[in-house]
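Residue numbers begin at 1 in each chain, while the letters A, B, ... track the order of the sequences.
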There are 2 protein chains.
Amino acid sequence: MTVMKDKIVSLADKLIRVKGFNAFSYKDIADPLEVKNAAVHYHFPSKADLGMAVVAGEMERFRHNVQQWKPLPEDEQLGRLFDVFRKHCYAGNVCLMGSLAPDYETLTPGMQEKVSDMAEAILEWVTDCLENGRQHKRFHFKGSAGDRALLVISNLQSSLLMARVMGTDTFDRISRQLLEDLRS
Amino acid sequence: MTVMKDKIVSLADKLIRVKGFNAFSYKDIADPLEVKNAAVHYHFPSKADLGMAVVAGEMERFRHNVQQWKPLPEDEQLGRLFDVFRKHCYAGNVCLMGSLAPDYETLTPGMQEKVSDMAEAILEWVTDCLENGRQHKRFHFKGSAGDRALLVISNLQSSLLMARVMGTDTFDRISRQLLEDLRS
DNA sequence: CAAAATACTTACTTACCAGTAAGTAAGCAA
DNA sequence: TTGCTTACTTACTGGTAAGTAAGTATTTTG
């Protein structure tokens, strides 16, 4: 990936999180980077190509993160995931899933697949994290790890959405509660 | 409200839930109703006016519902709220908050206020429901009722989003877990 | 050194969007 | 029956959207 390509994806990522996929245009990317919209089309012929690159970038960061967290105890691993979301909250972002899921029906099949893959990858990781954490007595919860993981992800996702509407402390109230529930 | 006005709001409601506020146009409303887009502008001069009418309609339904649920025990009242969301899930809808929150930064101040009011009204009701339910020993949970209510709402909201990406049973897995947690 | 690939710009197209101005048919009201 | 209101239609505007074709400067490569 070239420098410009990186800049475009990074800006698109921010725009998707702040304005939503259908509310930003190539102009919103071209202007700040001081190029013409055709330059953006050169790197990403269609908006769906750009969207898929953004999702792919997020997936790569996620995989890199969980790899680095591996030596940590499970409760701390999950805490790191919460930290990622907390940073997004303070930056005024929502998560990619939270932004793209409402627009899901308007996305190309290619993008839908990428979004769906992302959801499954995160769910799988949280499920394993919870399952292992329970075995090591670091987490305590009823029901299956998979169901509990859905609950955790769903909370992380919409706490960012609610924080946007009701203020940033909404995120902290939800995530604190959630972590406390799991630890006791 | 005239018949046509009702039809427009009802169609707009569906479009917001399925495609998102920024992804539907006046044409999407005018065509199925077999009128011209100017007719829609006649009833709702700007798209924000239409959006606010949709939110107001949802608020009215919500107020009407909770009024009707009042005689029920609190756990059943909350169950009814879950039923409303479940029906949306099966209809392929997300909730209004789930759809409008990601687009929040692109909304007019007037719409932002309506969305914010809606969020607070729902939070207030769920908080009271949980608080009263706990006093009557029908709910059991740690922490404040307000924080717990945030968790409940956040789960309802994003379970609809996740259901869209991962399939409808996602909603049931999350909501079942959530209700069981509260009852025991 | 020539050819080819890279990374754009210029200039454009097609399509759609929200919104509006002006007109009209039907109904009601004094 | 005249005037006013309601509920539209017709016809349009200005703006913006995604996307493209053709050209150009720069770098890379055989």
Side-chain angles (χ1 to χ4, degrees), chain A residues 1-55 57 99-100 102-112 114-115, chain B residues 1-16 18-55 99-100 102-112 114-115:
Chain A
M1 267 236 235
T2 65
V3 175
M4 178 59 74
K5 230 175 161 175
D6 265 330
K7 282 183 185 171
I8 292 171
V9 171
S10 158
L11 227 178
D13 180 283
K14 178 73 185 176
L15 285 165
I16 289 174
R17 291 176 199 269
V18 173
K19 301 180 65 174
F21 187 73
N22 289 316
F24 85 90
S25 73
Y26 272 40
K27 194 178 188 309
D28 295 326
I29 289 170
D31 285 356
L33 297 181
E34 292 176 293
V35 294
K36 302 295 160 183
N37 83 66
V40 184
H41 277 287
Y42 168 75
H43 291 288
F44 302 97
S46 79
K47 205 178 173 183
D49 293 323
L50 178 50
M52 287 191 281
V54 168
V55 175
S99 175
L100 294 174
D103 297 339
Y104 195 73
E105 303 296 328
T106 72
L107 304 178
T108 63
M111 271 205 74
Q112 289 185 344
K114 286 272 173 195
V115 171
Chain B
M1 268 237 237
T2 64
V3 175
M4 179 58 73
K5 231 174 159 175
D6 265 332
K7 282 183 184 170
I8 293 171
V9 170
S10 158
L11 228 178
D13 180 282
K14 179 72 183 174
L15 285 164
I16 290 174
V18 173
K19 301 180 65 175
F21 187 73
N22 289 315
F24 83 89
S25 74
Y26 273 41
K27 195 180 188 306
D28 294 327
I29 289 170
D31 284 356
L33 298 180
E34 292 177 293
V35 294
K36 302 296 160 182
N37 83 68
V40 184
H41 277 287
Y42 168 75
H43 291 288
F44 301 97
S46 78
K47 206 178 174 185
D49 294 322
L50 178 51
M52 288 191 281
V54 168
V55 176
S99 175
L100 295 174
D103 297 339
Y104 195 73
E105 303 296 328
T106 72
L107 305 177
T108 62
M111 271 205 75
Q112 288 186 344
K114 286 272 174 194
V115 171

- [ ] Would you kindly give the NZ-to-C1' distance between K7(A) and dA7(C), to the nearest whole Å?
- [x] 13 Å
- [ ] Give the rounded distance in Å between these two atoms: NE2 of H41(A) and P of dG19(D).
- [x] 5 Å
Task: Sorted by number, the residues of residues 31-40 of chain A with heavy-atom contact under 4.0 Å to DNA chain C - done: V35(A), K36(A), A38(A), A39(A)
Open item on the list: Rounded to the nearest 0.5 Å, what separates atom CG in L100(A) from atom CZ in R17(A)?
Closed with: 9.0 Å
Open item on the list: Students often get this wrong, so: under 4.0 angstrom with heavy atoms, is Y42(B) touching a base, only sugar-phosphate, or nothing?
Closed with: base
Task: Overall bend - the helix from dC1(C)-dG30(D) to dA30(C)-dT1(D), comparing terminal axes fitted on five pairs, nearest 10 degrees - done: 0°
Open item on the list: How many whole angstroms separate atom NE2 of H43(A) from atom P of dG19(D)?
Closed with: 16 Å
Task: Student check: side-chain heavy atoms of K36(A) and Y42(A) closer than 4.5 Å - done: no
TODO: Can you tell me the distance, in whole Å, between the CD1 atom of I8(A) and the C1' atom of dA7(C)?
DONE: 10 Å
TODO: Would you mind reading off the distance between F44(A) atom CZ and dT20(D) atom P, rounded to a whole angstrom?
DONE: 16 Å
Task: Gap between atoms OH and P, on Y26(B) and dA18(C) respectively (whole Å) - done: 7 Å
Task: d(NZ, K27(A); P, dC16(C)) in whole Å - done: 22 Å
Open item on the list: Whole angstroms only, please: what is the NZ-C1' distance between K47(B) and dT20(C)?
Closed with: 18 Å
TODO: Using the ring of F21(A) (Phe, Tyr or Trp, six-membered ring only), decide whether K47(A) places NZ or CZ under 6.0 Å from its centre and within 45 degrees of its axis.
DONE: yes
